[in-house]
Protein chains: 2
Amino acid sequence: MNVMNESPRRKELTRQAAQLFVQEGFDRTTVRMLAQEMGIKSGSLFHHFRDKQEILAAVIEEGTQNALVMARDALARCDSSADARLHAMARAHLETLLTDRNAHVVALYEWRRLDPEARAHLSHLRDAYETLWEQVIDEALAEGLIHGDRFLVSRFVMGALNWTVRWYDPEGPRTPDDLADELVAMITRRPA
Amino acid sequence: MNVMNESPRRKELTRQAAQLFVQEGFDRTTVRMLAQEMGIKSGSLFHHFRDKQEILAAVIEEGTQNALVMARDALARCDSSADARLHAMARAHLETLLTDRNAHVVALYEWRRLDPEARAHLSHLRDAYETLWEQVIDEALAEGLIHGDRFLVSRFVMGALNWTVRWYDPEGPRTPDDLADELVAMITRRPA
DNA sequence: CGTTTACACTAGCGCTTGCTTGGTTGACCC
DNA sequence: GGGTCAACCAAGCAAGCGCTAGTGTAAACG
């Protein structure tokens, strides 16, 4: 059992697991269902993952890692004005939420099913991401672009953004960038 | 099996079930755990509820029903200015989220575990609540208190509010009213 | 060539799950 | 004081669960 590796095979299996976790929820997804989706038998699954928990952790790690990379890239690519950076973060957030939807839905809904060790490890990743947000919020506050409590504003913004997975329809008329722009407009006191 | 009634006994059992569902998640909560928490044996549980699903539906119905009543009362109690009504809705929302926290956390996290019939029934309740919000948002838009797309603004606000169950600490320095006021300030373009 | 390695299989163990069945208890009612 | 009824219990069934053990196989390696 080569449990620790980052093989492309394992990446693909993780992606398929995410799909099922979204459809059925973690607890209702059996190892037999996972195996069938992957085109193997349930026993073979444990060649790639130590146990079912590890599959969940892999899914969430993937999604969070990607979000962090996307956000850092987006910040690196834009100028230093708080407005530009706020837009960049919001757009990057919504873009990962779309392209990597399954993994993020799992991260949002099944976080509590992680065992304590996995949770501790993944908390660091998530904290790094949230710190990015707080920095950008701080800059916007410093420039007078927005007002209010830094802690509360960043929580409110994260909530508004994450809630989109509940109602956003990719087939609808609105693009993720539309949402991002409207949200930033809403909190920066400029007409949309 | 007196399944349909609204006995006070059943209300109390529902409250205890909500507690467990929050702690363990619906799927991980066994009927034996529920029975123990209720001080009865697992078999006796099915005297009060048809099956495990019905307990979940009862928990969510309770919470949503209460939220609807609270919101309507709050609106009835305040004057007709959009600002006052916006505050009233936000405060009422956060107050139920606090006093009825268990039921609302279950509604937010375990909604997808409902079977189709229960979901259809409860959707109406939830829609009624969301319609209230959209009306108040409409009034605020009409008065020029806020700007933007009615649909998007109400979704963003609901997201920001519902996300609070993730991070809000009732023991902390902030009251629910503080949060409500800060949120309204954030979207109405007035300094906090 | 023989050995190793990655990946898959079959078969099933030990346990837990939601739920059923058949029966007991005690409070209330005419 | 016999009948009714809500509330509970003891016992257990059939199904499904995560996971393990042991084996097969084909490609890669020296």
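Letters A, B, ... are given to chains in the order of the sequence lines, protein chains preceding strands, and every chain is numbered from 1. Since we're looking at a predicted model, the values are computed, not measured.
Annotation: A/H93 is in aromatic contact with A/Y129 [ring centroid separation under 6.0 Å]. A distance below 6.0 Å separates the ring centres of B/W167 and A/F151. Taking the six-membered ring for Trp, B/H104 and B/Y109 have ring centres at least 6.0 Å apart.
Across the protein-nucleic acid pair, B/F26 atom CZ and C/dT17 atom P stand 13 Å apart, rounded to whole Å. As rounded to whole Å, 10 Å separates atom P of D/dC9 from atom CG of B/L45. Protein atom NE2 of B/H47 is 17 Å distant from nucleotide atom P of C/dT25, rounded to whole Å. Rounded to an integer number of Å, the gap from CZ of B/R10 to P of D/dC8 is 14 Å. As a whole-Å value, the separation of A/R9 CZ from C/dC7 P is 8 Å. The CZ atom of A/F49 sits 18 Å away from the C1' atom of D/dT20 (whole-angstrom rounding). Rounded to an integer number of Å, the gap from B/H48 NE2 to D/dA6 P is 11 Å. Between the CZ atom of A/F46 and the C1' atom of D/dG22 there is a distance of 16 Å, rounded to whole Å.
Taking the ring centre of A/F26 as origin, the terminal cationic atom of A/K52 falls inside the region bounded by 6.0 Å and 45° from the ring axis.
The side chain of B/S44 places no N or O atom within less than 4.0 Å of a non-bridging phosphate oxygen (OP1 or OP2) of D/dA7.
Within a 6.0 Å radius of CD in A/E143, other residues, nucleotides and ligands contribute more than 12 heavy atoms.
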Before giving the answer on side-chain contact (heavy atoms from CB on, under 4.5 Å), spell out for A/V105 and A/L97 the whole-Å C-alpha distance, their side-chain angles and the decisive distance to 0.1 Å. CA-CA 8 Å; A/V105 170; A/L97 230 55; over 6 Å; no
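Of the residues in residues 31-42 of chain B, those placing a heavy atom less than 4.0 Å from an atom of DNA chain C are B/V31, B/R32, B/S42, in numerical order.
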